[in-house]
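The structure appears below as structure tokens.
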Amino acid sequence: MEEHITDFESAIGELETIVKTLEGGDLSLEQSLALYERGVQLSRFCHTRLEDAERRIELLNDRGERTPAPDALTQALDDGDNA
Amino acid sequence: MNEPPRLPFGAASPPRAPSRQVVTVSALTTQIRTVLESTYDEVWVEGELSNTRLWKTGHLYFSLRDDQAQLKAVMFRSAVRYLRFKPEDGLKVIARGRVTVYEPKGEYQIVCEHLQPHGQGALQVAFDQLKRQLESDGLFAADRKRPLPLLPRQIGVVTSLDGAAIRDILTVLTRRHPTAHVLIHPVRVQGEGAAAQVARGISLLSRTPGVDVIIAGRGGGSLEDLWAFNEESVARAIADATVPVISAVGHETDVTLSDMVADVRAPTPSAAAEIVVAGREELVNRIDQLSRAMRGSVIDRLGRRRTRLLELTRRPGMAAWPARLAGRGRHTAELTHALTNAGRAIPSSLERRLHAVRSRLDACEPGRRLEASRTRVVTAHERLRAATAQRRQALASRVGDVAGRLDALSPLGVLSRGYSLCWNDDRTAILRDADQVSLGDGVAVKLRRGELTCRVIGKK
């Protein structure tokens, strides 16, 4: 059950399969608890993926170079956040 | 319109031989041209385009006609450049220009400085024309629309940094998507060169690794203001983008060609941002829903098991067990007691029966029955002995039991735990006090296994 979780899409897919199995399948208690554990692991992974990043706002110039967005743009947002 | 010009020669009058004046074709043509050009140096003509041809040189040749007449026309490249729509046959136009003569062919024609569609704005015509073109190229087809990524890694934005659009987009993205990664390519969204910049920005972002979706747009404005998003270059750039493009131009009522080509049309820039984050929110909800369903199902499963277990333990067969066990205990005790008594009773009763038999034997005459009686006596003896032996054995085992318990209490048992016994030399007493021996006395120390003979060499 300690299979590695590679990507978001497959994690969600596996989670759905687990739920379907849990809801429909004629499982032993041990099996269903094992599935549940795996499911919790998967949903944690998904949540981490969703939250695990920082907001970033950048500009891309004609040469394809990135620079951070001017303060004037992000400042307004932060103010908005506090409001 | 104008009063017909007076010609320098009497065209209307019949030729007169003596005074006839002969001119060359060129001279005459030049004169005609001069007259026409000076008379019609700026005219507005209304008509329908026909035989329209754009030459490689960039000049446009066509005819203007109505029901009864037609007028050859040319528009030079310098003027064609400023046309907002594509001149095509059948289009009703108003042309402004001057009438002139093309001398090599002897044709008069109008040189157009300006063309505008008749009855509707040039932009509208241009819009309709390009729309038809893009449509016939299949760019609006529903099956070209790509689904938006649920979880875009980076969100590309093509718009101006000055307008409200970028702030609206960023505000929504930050509020609803705390981990958004936004990559903005700033462009002019109106005026000279805007379309080229927007088109370029879209294709640049589309080729930028990590960008999974692009928002291209601007705030609302007049048809003129939004024009860049009706240009072919922008429409084509959207169609050619390798990632889905959301067009977000103006307010709800303005539909641009970009909107029609885009994978998703958002009525406003804010709406575009909402559409982008909706996927993520959908995912969050889906995961939560799945987690809940999973937990619910497991809890439900456990609950059912527990209920079943409870039911089973309450079933009569199960519930009676404790009582039955207790009953058995009592029963066993009674049986044991009875057995013991029986055991004790057997020898005496046998003996009584033996006596009885003997006395009956004695009383009997020796005869046929003697042998049988003897057998019975012997059997009875055997049984008596067996019963006695059994009883003896039971007693012996009880004794063994008691001995075992005694053993546990025995001081010898203590030795096995590491204690030792110390006797005086002549083994008359176990030493409990150092004063019981003197220095130099011998003592015997009994260990669990074996014994030591020791001498006292010190006391404390």
Side-chain angles (χ1 to χ4, degrees), chain A residues 7-9 11-29 31-40 42-47 49-70 72-74 76-81 83, chain B residues 149-151 153-158 161-162 164 166-175 177-187 197 200-201 204-205 207-211 214 280-281 283-284 286-302 304-306 308-309:
Chain A
D7 65 303
F8 194 88
E9 286 302 318
I12 268 220
E14 194 182 341
L15 188 56
E16 277 170 332
T17 313
I18 286 178
V19 170
K20 218 172 285 170
T21 315
L22 280 176
E23 285 174 341
D26 194 14
L27 298 167
S28 74
L29 200 57
Q31 279 171 316
S32 62
L33 284 176
L35 280 178
Y36 179 69
E37 259 172 60
R38 173 69 174 167
V40 168
L42 288 165
S43 77
R44 255 188 222 137
F45 171 86
C46 290
H47 268 297
R49 265 301 159 85
L50 286 175
E51 311 301 341
D52 187 23
E54 263 183 41
R55 182 215 299 167
R56 233 191 305 170
I57 299 172
E58 296 172 312
L59 299 186
L60 184 71
N61 68 15
D62 286 339
R63 291 184 298 282
E65 295 159 349
R66 294 164 185 253
T67 49
L73 270 187
T74 49
L77 296 174
D78 292 337
D79 292 350
D81 283 353
Chain B
L150 287 179
L151 207 58
R153 287 168 296 171
Q154 289 173 40
I155 301 159
V157 179
V158 181
L161 288 189
D162 301 324
I166 188 63
R167 283 170 200 286
D168 291 351
I169 289 172
L170 289 178
T171 304
V172 172
L173 285 183
T174 356
R175 194 181 68 232
H177 187 342
T179 62
H181 185 172
V182 186
L183 190 56
I184 307 164
H185 181 70
V187 291
Q197 287 190 16
R200 194 182 135 76
L204 181 67
L205 278 170
R207 291 192 315 267
T208 301
V211 173
I214 297 171
R280 179 177 179 276
E281 288 171 358
L283 270 183
V284 170
R286 202 159 120 218
I287 292 165
D288 286 348
Q289 203 181 323
L290 284 172
S291 300
R292 268 200 306 278
M294 189 175 68
R295 200 173 311 125
S297 151
V298 167
I299 287 172
D300 191 40
R301 198 171 285 273
L302 282 171
R304 281 205 309 272
R305 293 284 202 291
R306 189 172 295 132
R308 206 168 133 220
L309 186 58

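Order of the sequence lines sets the chain letters (A, B, ...), proteins ahead of strands, with each chain counted from 1.
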Q: Would you give the length of the straight line joining atom CD1 of B/Ile184 to atom CG of A/Asn61, rounded to the nearest 0.5 angstrom?
A: 13.0 Å
Q) Heavy-atom distance under 4.5 Å to chain A: side chain of B/Leu151, backbone, both or neither? A) side chain
Q) So what's closer than 4.5 Å to chain A heavy atoms on B/Arg295: side chain, backbone, both or neither? A) both
Q: Could you tell me which portion of B/Val284 (side chain, backbone, both or neither) has an atom closer than 4.5 angstrom to a non-hydrogen atom of chain A?
A: both
(Q) So for B/Ser297, is it side chain, backbone, both, or neither that comes closer than 4.5 Å to the heavy atoms of chain A? (A) side chain
Q: Select one option (side chain, backbone, both, neither) describing which atoms of B/Ile155 are under 4.5 Å from chain A's heavy atoms.
A: neither
Q: Indicate yes or no: at least one non-hydrogen side-chain atom of A/Arg56 is less than 4.5 angstrom from one of B/Gln154.
A: no
**Q.** Separation of A/Ile57 CD1 from B/Thr174 OG1 (nearest 0.5 Å)
**A.** 5.5 Å
Q. Is there a donor-acceptor pair under 3.5 Å between the side chain of A/Arg55 and the backbone N or O of B/His177?
A. no
Q. When rounded to the nearest 0.5 angstrom, what is the spacing between CD in A/Glu58 and OG1 in B/Thr208?
A. 10.5 Å
(Q) Nearest 0.5 Å, please: how far is CG in B/Leu183 from CG in A/Leu60? (A) 4.5 Å
Q.
Out of B/Leu205, B/Leu283, B/Thr179, return the one with the most heavy atom pairs under 4.5 angstrom to chain A.
A. B/Thr179
**Q.** Greatest number of heavy atom pairs closer than 4.5 Å to chain A - which of B/Asp288, B/Leu150, B/Leu173
**A.** B/Asp288
Q | Any side-chain heavy-atom pair of B/Leu161 and A/Leu59 under 4.5 Å | A | yes
Q | Residues A/Asp62 and B/His185: side-chain donor-acceptor under 3.5 angstrom | A | yes
(Q) Under 4.5 Å from any heavy atom of chain B, what part of A/Leu42 do you find: side chain, backbone, both or neither? (A) neither
Q: With rounding to the nearest 0.5 Å, note down the distance linking CE in B/Met294 to CZ in A/Arg38.
A: 11.0 Å
Q: Mind checking the CD1-CD1 spacing from A/Ile12 to B/Ile287? Nearest 0.5 Å is all I need.
A: 4.0 Å
(Q) Quick check against the 3.5 Å criterion: does B/Ser291 have a side-chain atom that pairs as donor or acceptor with the backbone of A/Ser43? (A) no
